[in-house]
Protein chains: 2
Amino acid sequence: MSSKRKPSMGRQKIEIKRIEKRNARQVAFSKCRVGLFKKASEHCTLCGAETAVIVFSPAEKSYSFCHPSVDTIVDRYLLGGNYILLKMSVASTLM
Amino acid sequence: MSSKRKPSMGRQKIEIKRIEKRNARQVAFSKCRVGLFKKASEHCTLCGAETAVIVFSPAEKSYSFCHPSVDTIVDRYLLGGNYILLKMSVASTLM
DNA sequence: ACCGCTATCCTTAGACA
DNA sequence: ATGTCTAAGGATAGCGG
């Protein structure tokens with residue numbers, strides 16, 4: 001191993017606009033998602049907030065962080081808008 | 001006005017546990033929510049992510065940040081779990 | 001893709017308005 | 001409750017492995 005290490009440039013300033021390079025955007029998505037979920041988690045713990053975070057990646061994959069549970073939050077949110085939620089637990093087997 | 005200002009202590013380290021004082025918790029909730037929504041927003045812009053953040057305050061008030069729209073995200077999320085969403089736009093007037 | 005590193009930028013605790 | 005200020009804490013861009 002070399003004892004020399006190129007000194008880091010540290011965190012660089014970036015402009016808040018779409019990252020055009022596909023690969024870099026994907027990497028940024030993963031890192032950023034972790035940070036977002038962590039912050040949401042701390043928000044819950046510190047303040048007793050109930051939080052749902054749902055994210056779709058550019059590649060259409062879905063990720064979520066929820067406390068206490070997705071269904072609780074989404075359900076409650078939807079109720080406020082006069083929505084009803086039906087789960088097709090049986091019907092889906094027929095599709 | 002006084003030209004003297006007590007020097008700030010800067011940001012202090014805190015333990016990630018429930019803030020017990022009710023008033024302080026409420027204030028932290030508001031500040032933290034702003035930060036969370038901002039981060040979610042940047043996530044969307046930078047990475048082309050589609051994101052829904054729904055938060056209930058300890059006082060049961062609901063807040064949300066969504067891009068492109070709550071319904072789009074929640075709808076899509078729910079579809080993945082074989083849910084159907086019904087809006088009671090007529091029925092609600094009877095309740 | 002993930003993980004570690006670290007200098008630098010960003011956020012934010014605390015205090016006050 | 002929101003908003004401003006300061007300085008310290010914490011997240012992270014860029015890079016290497």
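Side chains are part of it too, since the values below use all heavy atoms of this structure and drop only hydrogens, waters and symmetry mates. First the proteins, then the strands, lettered A, B, ... as listed; each starts at 1.
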May I have all residue pairs that pass salt bridge (charged side-chain N to carboxylate O under 4.0 Å, His left out) and include part of residues 20-48 of chain B, sequence neighbours excluded?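 Checked against salt bridge (charged side-chain N to carboxylate O under 4.0 Å, His left out) - neighbours excluded - the pairs reaching residues 20-48 of chain B are B:R18-B:E20.
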Which residue lies more 5' along DNA chain D, comparing B:R33 with A:V34 via nearest heavy atoms: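 Here B:R33 is the residue nearer the 5' end.
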Name the residue closer to the 5' end of DNA chain D, choosing between A:L36 and B:F29 according to the nucleotide with the nearest heavy atom.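 Upstream on the strand: B:F29.
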What bend angle does the helix from C:dC2-D:dG17 to C:dA17-D:dT2 show across its length, from five-pair end axes and to the nearest 10 degrees?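 So the angle between the two local helix axes works out to 50°.
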SG of A:C66 to OH of B:Y77: how many Å apart, nearest 0.5 Å?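 Going from the SG atom of A:C66 to the OH atom of B:Y77 covers 6.0 Å.
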Nearest-0.5 Å distance that lies between atom CD1 in A:I73 and atom CD1 in A:I54: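 Between atom CD1 of A:I73 and atom CD1 of A:I54 there are 10.0 Å.
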With nearest nucleotides of DNA chain C determined for A:S30 and B:C32 from heavy-atom distances, which residue corresponds to the more 5′ nucleotide?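 Checking each residue's closest nucleotide, the 5'-ward one belongs to A:S30.
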Please tell me if A:K39 has a side-chain N or O lying less than 4.0 Å from either OP1 or OP2 of C:dT12.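 Yes, because at least one side-chain N or O of A:K39 sits under 4.0 Å from OP1 or OP2 of C:dT12.
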Is any side-chain nitrogen or oxygen of A:S8 closer than 4.0 Å to OP1 or OP2 of C:dC5?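 So the side chain of A:S8 is outside the cut-off, no N or O lying under 4.0 Å from OP1 or OP2 of C:dC5.
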Residue pair A:L36 / B:L36, side-chain heavy-atom distance below 4.5 Å: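 Yes, at least one pair of side-chain atoms sits under 4.5 Å.
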Would a 4.5 Å heavy-atom cut-off, applied to side chains only, mark A:L46 and B:I14 as touching?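 In short, these two side chains touch, coming nearer than 4.5 Å.
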Fit a plane to each ring of B:F29 and A:H43, take the angle between them on a 0 to 90° scale, and name the class: parallel (under 30°), tilted (30 to 60°) or perpendicular (over 60°).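 It falls in the parallel class, under 30°.
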Every protein N/O lying under 3.5 Å from an N/O of nucleotides 15-17 of chain D:
none

Test: side chain to side chain donor-acceptor pair (under 3.5 Å). Region: residues 44-64 of chain B. Which pairs qualify, not counting sequence neighbours?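 Qualifying pairs: A:R76-B:E60, B:E50-B:R76.
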Residues touching DNA chain C, which here means a heavy atom under 4.0 Å, drawn from residues 11-28 of chain A: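 A:R11, A:K13, A:Q26, A:V27 - these, ordered by number, are the residues of the stretch whose heavy atoms sit under 4.0 Å from the strand.
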Can you tell me the distance, in whole Å, between the NZ atom of A:K38 and the C1' atom of D:dG9?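 To the nearest whole Å, that distance equals 11 Å.
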Set of side chain to side chain contact (heavy atoms under 4.5 Å, CB included) partners for B:D71, sequence neighbours left out: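 Residues passing side chain to side chain contact (heavy atoms under 4.5 Å, CB included) with B:D71: A:Y83, B:S69.
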